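The sequence lines fix the lettering, A, B, ..., with proteins before strands; numbering per chain opens at 1. None of these values were measured; they are calculated from a predicted model.
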Number of protein chains: 2
Amino acid sequence: MKHVTIKDIARYLSISVSTVSRALMDDRNVRKETREKVLEAARILGYKPNPVATNLKYGHTNTVGVIVPEMVTPFASTVINGIRSVLYGNGIKVIVADSGEDPDRERENLRLMEHFMVDGIIVSMCSYKKNKEDYIRLLEADLPMVFYDRIPHGLEVPQVIVDDYRKSFFLVEKMILGGRKRIVHIQGPDDIYNSVERARGYRDALAKYKIPYDEGTMVIKAGMTFEAGAEVADRLVGSGIQFDAVFAFTDTLAIGVMNRLRELGKKIPEEVAVASFSGTELSTIVYPKLTTVEPPLLQMGEKAAELILEKIKNPACPNRTEVVNAEIRMRESSGNIRPE
Amino acid sequence: MKHVTIKDIARYLSISVSTVSRALMDDRNVRKETREKVLEAARILGYKPNPVATNLKYGHTNTVGVIVPEMVTPFASTVINGIRSVLYGNGIKVIVADSGEDPDRERENLRLMEHFMVDGIIVSMCSYKKNKEDYIRLLEADLPMVFYDRIPHGLEVPQVIVDDYRKSFFLVEKMILGGRKRIVHIQGPDDIYNSVERARGYRDALAKYKIPYDEGTMVIKAGMTFEAGAEVADRLVGSGIQFDAVFAFTDTLAIGVMNRLRELGKKIPEEVAVASFSGTELSTIVYPKLTTVEPPLLQMGEKAAELILEKIKNPACPNRTEVVNAEIRMRESSGNIRPE
DNA sequence: CTTATGTCTGCAAACGATTGCGGTAACGTT
DNA sequence: AACGTTACCGCAATCGTTTGCAGACATAAG
């Protein structure tokens, strides 16, 4: 893999590299015919500028890193499409790393990006606690960073989020108004901040309608996979708890629990209504289709990209928080809950 | 974002940059105490080598690009995990680009990788026809390339594949032996080579059991999305064709068609058995669970990574073709087909 | 004819890291 | 005392590109 350099062009035309460079850069200090000859030669020789060299010169790589917590759902890929659409237009490349819900891998990815000398990083975190020192170090080194969806807690950073609390409050409220009285909440891991926010929404919705909040039996902590959801279903049915609805932290968990409940003979939604948060296209391919809170993923990506552009252009700019509006999608899994 | 360079270390210790470089490189021509002082200073100042500079020096980026056709199923992300696991171990970074089943975007991605000066590219193609000139150009420029799953046709390149023809033959055979007589094939786009191979498997399986091959009504060409699958179901039921089974090009199509068939009142698998190829985890979250041919995705990624490593180390090495063994997973969607 | 002005081009330094070569000590050998 | 050896370190070139500065040349103005 040998590359043609401006040196080759210079030799080819018997002129200096500076003139070639200037011709290529459209500097007005080159005669029109010279420029044309250079352009022609570049075309003939198949010249491609070596970005590595210019990066070295200017100290930036025109690359933004994106670190996503998982890629088994299309959540991340949709956000990334949004990010790409605005960044590509600004001549910025995007590289993606997937943490697989593992904070250690997230840290590796962070180091990778750093080592890669990206101009900025867009992150959705696995854990809002785990790699705090690294994030603080990077922030203090003035590396532009933007967070979306899974944000840190207690760090003042640019971020794009949905209103986890209010949306989960409303969703649970709808279930209550639809006649469900014993709603189980499958809570996500403690170290995801959205998890505690959504759990808070659930609790307050219950409180508003004077339904007792029973943390011991009606709130179950789980992981993030389909399998984790299925295990919750086993436990739920096994323990003989009475319940007529499930509100899950994510669609992955909801799908896991819903499928297993059906296998265990529960009718969805007649006996148990199911709803979740962070729905993707997956919510529409399961049976029955899943009621979920659907963030505008493309838009989230676009906003995140805009924020990182701001930060790159001016590292001292204020840290904005963009709240985008997630839609509650009522589908079959939650039964005949009346529409708004 | 200011970086500490070896120059800073040199200045800090009042020695020359060469000595610093040598100390960092573990060259034996530096006194032990000097090396220790340098290491210490590097730690204190927070030195991180600038890869851009060394890349410029050595002409490689220690980066491999991966271009995948889509990311809404976990197919690609699993393969990528395999790729990463071996490449990271060799100190090579991985950057991913998603073509969204659009050949134009695939070409952009290709150019992106080129511009990025990656040391090699691992590709799964959208179309085996569309960007041929670009691939040929890159190949002739000796850029190491490896293909997996969605490979080109008529190009001699290193590749990792499954036996599309045989596996789809066997799967259709199982459906026939299970009593299905009128099997519809949902064929993928013409410009995906796997599509024609799988269609061939379908046809030959029919032929073996003397079932007439009716290309006009029993073979339907479709796109690649859930929605495309659903439309096929509409057309199938709308036209009143008799059929008792569907064999789809991918699980995405199969899921689309299966769900819509159920909505239209067909019982799966009693009235219509459904099976597909290229199954991912998605096959297990739909209802009923989908029978599918499941390639060993992680292994495919690992093999692809090994092949690209070979090519990078020795561009002249022969182009190997690795055939990995896909497992046929019999699940509920295909009904009581007898197991092997 | 001299000077000013403008247009074009080349030299060389710079970005950060590596490395061949040459220089400088210290030390040992004869 | 002269020389060789060894260990250590710095100069400068290199990778590909950009750019300030200065030189060259031409043309116009005086």
Side-chain angles (χ1 to χ4, degrees), chain A residues 1-42 45-63 91 114-119 141 143, chain B residues 1-42 45-63 91 93 114-119 141:
Chain A
M1 194 56 190
K2 250 199 57 210
H3 258 102
V4 181
T5 72
I6 56 172
K7 229 174 252 190
D8 297 314
I9 300 181
R11 202 166 24 233
Y12 179 78
L13 294 175
S14 301
I15 58 177
S16 80
V17 294
S18 354
T19 305
V20 176
S21 172
R22 266 186 277 258
L24 261 18
M25 299 229 66
D26 242 22
D27 188 305
R28 67 182 151 68
N29 285 337
V30 302
R31 196 169 16 178
K32 194 151 43 142
E33 7 172 340
T34 310
R35 167 160 51 244
E36 277 161 13
K37 269 198 297 194
V38 170
L39 261 29
E40 174 71 3
L45 299 177
Y47 169 76
K48 293 264 167 51
N50 180 339
V52 175
T54 71
N55 297 341
L56 175 58
K57 186 75 184 171
Y58 293 126
H60 52 66
T61 48
N62 285 330
T63 308
E114 200 186 351
H115 183 253
F116 222 127
M117 301 196 57
V118 293
D119 298 338
L143 175 63
Chain B
M1 191 59 188
K2 249 200 52 201
H3 256 102
V4 181
T5 73
I6 56 171
K7 223 172 259 190
D8 296 315
I9 301 181
R11 200 165 26 229
Y12 179 78
L13 294 175
S14 302
I15 58 177
S16 79
V17 294
S18 353
T19 306
V20 176
S21 172
R22 269 186 276 256
L24 261 18
M25 299 231 63
D26 241 23
D27 188 304
R28 65 181 152 66
N29 284 337
V30 304
R31 191 167 22 171
K32 193 151 38 146
E33 4 170 342
T34 310
R35 169 159 49 242
E36 276 162 13
K37 269 199 296 192
V38 170
L39 262 29
E40 173 71 3
L45 299 178
Y47 170 76
K48 293 262 165 51
N50 179 342
V52 175
T54 72
N55 296 341
L56 176 58
K57 185 78 183 165
Y58 294 126
H60 53 66
T61 49
N62 285 330
T63 308
K93 297 174 284 285
E114 197 186 353
H115 183 253
F116 222 127
M117 303 195 59
V118 293
D119 298 338

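- Rounded to the nearest 0.5 Å, atoms CE (M25(B)) and OG (S18(B)) are 13.5 Å apart.
- The stretch residues 31-40 of chain B comes close to DNA chain D through R31(B), T34(B), each having a heavy atom under 4.0 Å from the strand.
- The separation between D8(B) atom CG and dG16(C) atom P is 8 Å, rounded to whole Å.
- Against DNA chain D, the stretch residues 14-21 of chain A makes heavy-atom approaches under 4.0 Å through S18(A), S21(A).
- The two residues A10(B) and S16(B) have their closest heavy-atom pair at CB-C, 3.9 Å.
- One interatomic measurement links the two molecules: CD1 of I9(B) to C1' of dA17(C), which rounds to 11 Å at whole-angstrom precision.
- Of the possible donor and acceptor atoms, none in the side chain of R35(B) sits under 3.5 Å from a partner among the backbone N and O of R28(B).
- One distance of note links OH of Y12(B) with NZ of K37(B); it measures 11.0 Å at 0.5 Å rounding.
- When rounded to the nearest whole Å, the span between CG of L13(A) and C1' of dG10(C) equals 15 Å.
- Mapping L56(A) and R28(B) onto DNA chain D by nearest heavy atom places R28(B) at the nucleotide closer to the 5' end.
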Derivation of the side-chain contact (heavy atoms from CB on, under 4.5 Å) call for V38(B) and I9(B): CA-CA 7 Å; V38(B) 170; I9(B) 301 181; 4.3 Å; yes
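- Taken from CG in N29(A) to CZ in R22(A), the straight-line distance is 6.5 Å, to the nearest 0.5 Å.
- Looking only at side-chain heavy atoms (C-beta outward), L56(B) and V52(B) stay at 4.5 Å or farther from each other.
- Between the CD1 atom of I6(B) and the CG atom of L45(B) there is a distance of 12.5 Å, given to the nearest 0.5 Å.
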Decide yes or no on side-chain contact (heavy atoms from CB on, under 4.5 Å) for V20(A) and L13(A), but give the supporting numbers first. CA-CA 9 Å; V20(A) 176; L13(A) 294 175; 5.5 Å; no
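- Taking only distance into account, the side chain of K57(A) meets the base of dA14(C) through a donor-acceptor pair shorter than 3.5 Å.
- Nucleotides of DNA chain D that come within less than 4.0 Å of any heavy atom of chain B span, from the 5' end to the 3' end, dC8(D) to dG16(D).
- Under the side-chain hydrogen bond (donor to acceptor under 3.5 Å, both in side chains) criterion, R11(A) pairs with D8(A), not counting sequence neighbours.
- E36(A) meets the side-chain hydrogen bond (donor to acceptor under 3.5 Å, both in side chains) test with no other residue; sequence neighbours excluded.
- Whole-Å rounding puts the D26(B) CG to dT19(C) C1' distance at 16 Å.
- Computed from coordinates, the I6(A) CD1 to dG10(C) C1' distance equals 13 Å when rounded to whole Å.
- The side chain of Y58(A) contributes no N or O atom lying less than 4.0 Å from OP1 or OP2 of dG16(C).
- Summarising the local packing, NZ of K93(B) is surrounded by more than 12 heavy atoms from other residues, nucleotides or ligands at distances under 6.0 Å.
- Relative to the axis of its first five pairs, the axis of the last five pairs of the helix from dC1(C)-dG30(D) to dT30(C)-dA1(D) sits at 80°, rounded to 10 degrees.
- Judged by closest nucleotide on DNA chain D, V30(B) is the one of A53(B) and V30(B) placed further toward the 5' end.
- Side-chain contact between T63(A) and N55(A): absent, with no pair of heavy atoms (C-beta onward) separated by less than 4.5 Å.
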Give the intermediate values and the outcome of side-chain contact (heavy atoms from CB on, under 4.5 Å) for residues L143(A) and D119(A). CA-CA 7 Å; L143(A) 175 63; D119(A) 298 338; over 6 Å; no
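- N50(B) comes within contact range of the sugar-phosphate backbone alone, with a heavy-atom separation under 4.0 Å but no base atom that close.
- Heavy-atom distances to DNA chain C give each of Y47(B) and R22(B) a nearest nucleotide, and the one nearer the 5′ end belongs to Y47(B).
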